[in-house]
Asker: 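Take a look at this one; I'll ask things after.
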Amino acid sequence: MPHVVTDNCGRCRYTECVDSCPVDCFHADAERLYIHPDVCIDCGACIPACPVRAIFDAFDMDPSQKEWVAINARQSSVLPLITAREAPLPGADARRAELGY
């Protein structure tokens, strides 16, 4: 089962995870990132790289977050691939503080 980006990524879009990923599995829209389940190799390198703890192994997710498995699969199949680190969204640091990180 792949790794999954959850709602903590929203309004932040930190991309440290993209740099840590050995394969190109991240896709992005204007608000957040998504992981393509068919490309992710389940290495877990992205998990500690995320400053807002938005990435989980699908097996370790809280049941209330399971909807993000389907959301990542759907969105990553239609959104552009992101292969390099980008600046976070304006207000990302405030969002990070709001999340308690």
Side-chain angles (χ1 to χ4, degrees):
M1 176 105 15
H3 287 74
V4 179
V5 180
T6 63
D7 54 341
N8 278 12
C9 188
R11 301 185 350 238
C12 292
R13 212 178 106 156
Y14 288 103
T15 54
E16 285 88 336
C17 54
V18 174
D19 272 351
S20 68
C21 183
V23 297
D24 293 332
C25 68
F26 283 91
H27 295 257
D29 63 17
E31 291 288 317
R32 70 181 74 243
L33 301 176
Y34 304 89
I35 294 174
H36 196 293
D38 296 334
V39 180
C40 177
I41 60 171
D42 298 327
C43 72
C46 57
I47 293 173
C50 180
V52 292
R53 298 183 186 168
I55 304 172
F56 294 87
D57 182 311
F59 286 119
D60 295 333
M61 294 179 74
D62 185 272
S64 67
Q65 295 286 319
K66 290 287 187 177
E67 69 182 331
W68 288 100
V69 174
I71 293 169
N72 275 252
R74 182 180 64 245
Q75 294 299 98
S76 65
S77 67
V78 297
L79 291 169
L81 184 66
I82 179 172
T83 60
R85 189 172 178 177
E86 298 178 357
L89 295 177
D93 290 337
R95 169 75 169 145
R96 183 177 179 179
E98 173 187 316
L99 293 169
Y101 305 116

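All figures in this text were calculated on a predicted structure; none of them were measured in a lab. Atoms considered below: every heavy atom in the structure, side chains included; atoms not considered: hydrogens, waters and symmetry mates.
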Asker: Please examine the side chains of His27 and His36, heavy atoms only from C-beta on, and report whether any two atoms are closer than 4.5 Å.
Answerer: yes
Asker: Report the distance from atom CD of Glu86 to atom OH of Tyr14, rounding to the nearest 0.5 Å.
Answerer: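 Rounded to the nearest 0.5 Å, the CD-OH separation comes out at 14.5 Å.
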Asker: Look up atom CZ in Arg13 and atom CG in Asp29, then write down how far apart they are to the nearest 0.5 Å.
Answerer: 7.5 Å
Asker: Do Thr6 and Met61 come close enough that some side-chain heavy atom pair is under 4.5 Å?
Answerer: yes
Asker: I need the minimum non-hydrogen distance between Ala54 and Cys9, along with the two atoms involved.
Answerer: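 Shortest heavy-atom separation between Ala54 and Cys9 comes out as CB-N, 3.5 Å.
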Asker: Just by distance, with hydrogens left out, do Asp62 and Ser64 show a side-chain donor and acceptor under 3.5 Å apart?
Answerer: yes
Asker: Does Arg96 use its side chain to pair, donor to acceptor, with the backbone of Tyr101 at less than 3.5 Å?
Answerer: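 Checked: pair present.
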Asker: Regarding Arg85 and Glu16, does a basic nitrogen lie under 4.0 Å from an acidic carboxylate oxygen?
Answerer: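 Result for this pair is yes, salt bridge flagged.
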Asker: Under 4.5 Å between any side-chain heavy atoms of Arg11 and Glu98, yes or no?
Answerer: yes
Asker: For a quick test of reading the model, state the closest non-hydrogen atom pair linking Asp57 to Ile47 and the distance between them.
Answerer: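 Residues Asp57 and Ile47, closest heavy atoms: N-CD1, 4.1 Å.
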Asker: Are Val78 and Val4 connected in a single hydrophobic cluster, I mean Ile/Leu/Val/Met/Phe/Trp/Tyr linked by side-chain heavy atoms less than 4.5 Å apart?
Answerer: yes
Asker: Cluster question for you: counting only ILVMFWY and a side-chain heavy-atom cut-off of under 4.5 Å, with indirect links fine, are Ile55 and Ile82 together?
Answerer: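 Ile55 clusters together with Ile82.
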Asker: Would you compute the distance between atom CZ of Phe56 and atom CG of Asn8 and round it to the nearest 0.5 angstrom?
Answerer: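 Taking CZ in Phe56 and CG in Asn8, the distance rounds to 6.5 Å.
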Asker: Looking at every heavy atom in both Cys25 and Cys21, which two are closest together, and how far apart are they?
Answerer: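 Closest approach of Cys25 to Cys21: SG-SG, 3.6 Å.
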Asker: Rounded to the nearest 0.5 Å, what separates atom CG in Asp38 from atom OG in Ser76?
Answerer: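 One finds 7.5 Å between CG of Asp38 and OG of Ser76.
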Asker: Looking at Gly10 and Arg32, what are the two nearest heavy atoms and their distance?
Answerer: N-NH1, 3.3 Å
Asker: Within a strict 4.5 Å, meaning less than it, do heavy atoms of the Phe26 and Leu79 side chains meet?
Answerer: no
Asker: Trp68 and Leu33: same hydrophobic cluster, using ILVMFWY side-chain contacts below 4.5 Å?
Answerer: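 Unlinked, Trp68 and Leu33 end up in two clusters.
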Asker: Decide yes or no for Pro2 and Asn72: does some side-chain heavy atom of the first lie under 4.5 Å from some side-chain heavy atom of the second?
Answerer: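 They are not in contact (no side-chain heavy atoms under 4.5 Å apart), so the answer is no.
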Asker: Atom OG1 of Thr83 and atom CG of Asp19: how far apart are they, to the nearest 0.5 Å?
Answerer: 9.5 Å
Asker: Search all heavy atoms of Lys66 against all heavy atoms of Ala58 and return the closest pair with its distance.
Answerer: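 Nearest pair, atom of Lys66 first, then Ala58: NZ-O, 2.6 Å.
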Asker: Taking all heavy atoms of Pro22 and all of Cys43, pick out the closest pair and write down the distance.
Answerer: CD-SG, 3.6 Å
Asker: Is Tyr34 close to Val5 at the side-chain level, that is, under 4.5 Å between some pair of heavy atoms?
Answerer: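 They are not in side-chain contact.
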